[in-house]
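Here the structure is a predicted model, which is why all the values come from computation and not from measurement.
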Amino acid sequence: MAMKRAPKKGLLCFHGTGAKESIFNVQMARICHHLGSTFEFIFIEGPRECPPGPGVLPIFSGQEPYYGWFGGHDVTIDDSIREINGAVQKGLDLWRKSNTDADVEIVGGLGFSEGGLALMLLLWLQREEQQQQQKQQAVLSMLPPLQFAAVSCCFFPREASLWVNARAQAQGKTAALFDIPTLHIHGNRDFCLGRARQLVRNHYPPQYATIIQVDTGHHMPTQKDDVAKVVKHIRDLAGVEGV
């Protein structure tokens, strides 16, 4: 009698700015290859058209339109989050229509660069809802309940830090601290490295942050040893054994 295959686990994937679902699929190819027997990857596409992002050209030239997550200075974070929520809902709806495996449980999120920022802000809102039951708040998170996150080369600007801190202080806290287990992938040649480090230093208790430094600039890890480390930590966070 054949053994029943364990249900796959779902990972929501948020591309960097100036990219798109299909491009991030290629950028994630090596990680997906090693995790594909255990995880279903659900790629979410940003809500705003924008110019191509860092590292997109010339490899992905001619693949317009490119998409991002946030507007300019005239668009508030709250307004951007409403648009991002719409993108998440659209991506989930498309995935559910095409997915035949009803047993997939979405357990985590993975974001690159500005996609990591989008994921982090939605996670903060989700934690607010879970801890405070603030169902009447003006801005909600459309994420399904997530057990962990992974962010690579995360672009976390000062404006985002001020935003989460203001929301935390409105609840009587001194600062915003994320309490979801998170893998932080830091590229040692990434121009966003300082901001990624500030995210961990300012907004994570040590027990919730796992940091790995990889030999890369501003892109997903591609070297064999770096990919292996990322894969191992994602499996550990999801509570699944290596295959």
Side-chain angles (χ1 to χ4, degrees), residues 8-70 83-84 86-101 104-120 122 142-144 146 148-155 183 185 187 190 192 214 216-224 226-235 237-238 240 243:
K8 281 190 173 184
K9 297 180 181 291
L11 279 179
L12 295 179
C13 300
F14 295 73
H15 60 75
T17 191
K20 62 196 314 179
E21 172 188 345
S22 58
I23 292 175
F24 198 37
N25 201 327
V26 173
Q27 294 170 332
M28 285 273 295
R30 297 188 182 186
I31 293 173
C32 292
H33 171 73
H34 290 285
L35 292 174
S37 61
T38 310
F39 291 90
E40 179 93 12
F41 296 88
I42 305 159
F43 290 89
I44 307 298
E45 201 154 74
R48 284 179 167 260
E49 288 192 27
C50 65
V56 170
L57 300 180
I59 299 173
F60 301 104
S61 61
Q63 298 194 26
E64 297 88 348
Y66 306 105
Y67 295 97
W69 301 97
F70 295 88
E83 293 181 348
I84 294 168
V88 170
Q89 189 63 61
K90 178 181 177 182
L92 287 171
D93 289 344
L94 290 171
W95 172 72
R96 288 178 179 124
K97 288 179 181 178
S98 62
N99 181 50
T100 58
D101 190 347
V104 174
E105 177 190 8
I106 299 174
V107 296
L110 187 154
F112 170 70
S113 187
E114 197 176 74
L117 170 61
L119 173 60
M120 296 310 304
L122 290 183
M142 294 302 296
L143 291 177
L146 300 184
F148 69 91
V151 288
S152 179
C153 301
C154 185
F155 179 76
L183 173 64
I185 306 164
D190 176 26
C192 285
V214 297
T216 184
H218 194 69
H219 54 76
M220 293 294 295
T222 57
Q223 296 190 21
K224 182 178 180 181
D226 290 340
V227 170
K229 286 190 288 186
V230 171
V231 166
K232 176 187 181 301
H233 283 294
I234 289 177
R235 284 184 175 138
L237 287 169
V240 298
V243 179

If you measure from [atom1] on [X] to [atom2] on [Y], what distance do you get to the nearest 0.5 Å?
X	Y	atom1	atom2	value
Gln89	Leu94	CD	CG	10.0 Å
Ile44	Met142	CD1	CE	11.0 Å
Arg235	Leu35	CZ	CG	5.5 Å
Glu64	Cys50	CD	SG	11.5 Å
Arg30	Thr222	CZ	OG1	5.0 Å
Ile59	His219	CD1	NE2	9.0 Å

Taking side chain as C-beta onward, heavy atoms only, is [X] less than 4.5 Å from [Y]?
X	Y	value
Leu110	Phe24	yes
Phe39	Val240	yes
Leu12	Leu92	yes
Leu146	Leu119	yes

Practice task
Could you check Phe70, Trp69, Phe14 and say which one makes a side-chain contact (heavy atoms from CB on, under 4.5 Å) with Leu117?
Solution key: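 So the option named by the test is Phe70.
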Practice task
Could you go through the side chain to side chain contact (heavy atoms under 4.5 Å, CB included) check for Glu49 and Tyr66 one step at a time?
Solution key: CA-CA 6 Å; Glu49 288 192 27; Tyr66 306 105; over 6 Å; no
Handout entry: ring-ring contact (aromatic ring centres under 6.0 Å, His included) partners of Phe112, counting only residues at least two apart
Key =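 Phe112: ring-ring contact (aromatic ring centres under 6.0 Å, His included) contacts with His218.
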For residues [X] and [Y], report the shortest heavy-atom separation together with the two atoms involved.
X	Y	result
Ile42	Gly91	CG2-O, 4.4 Å
Gly116	Val151	CA-CG1, 3.9 Å
Val227	Pro221	CG2-O, 3.6 Å
Ile106	Pro144	CG2-CG, 3.8 Å
Val56	Ala19	CG2-CB, 4.4 Å
Cys153	Asp190	CB-OD2, 3.2 Å

Only counting residues at least two apart or in another chain, list the ones meeting side chain to side chain donor-acceptor pair (under 3.5 Å) with [X].
X	result
Glu21	none
Lys90	none
His233	none
Arg48	Glu83

Practice task
Return the set of residues passing side-chain contact (heavy atoms from CB on, under 4.5 Å) with Leu237 (not counting sequence neighbours), or none when no residue passes.
Solution key: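 Checked Leu237 against side-chain contact (heavy atoms from CB on, under 4.5 Å); matches are Phe148, Pro181, Leu183.
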Problem - His15 side chain to Gly46 backbone, donor-acceptor under 3.5 Å - result: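 Side chain of His15 to backbone of Gly46: a pair is present.
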Problem - Lys20 side-chain N/O to Pro65 backbone N/O, donor-acceptor pair under 3.5 Å - result: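 At least one qualifying donor-acceptor pair exists.
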Problem - Stepwise side chain to side chain contact (heavy atoms under 4.5 Å, CB included) check, Thr17 with Phe155 - result: CA-CA 10 Å; Thr17 191; Phe155 179 76; over 6 Å; no
Problem - Ile185 and Thr216: CA distance, side-chain angles, deciding distance, side chain to side chain contact (heavy atoms under 4.5 Å, CB included) verdict - result: CA-CA 10 Å; Ile185 306 164; Thr216 184; over 6 Å; no
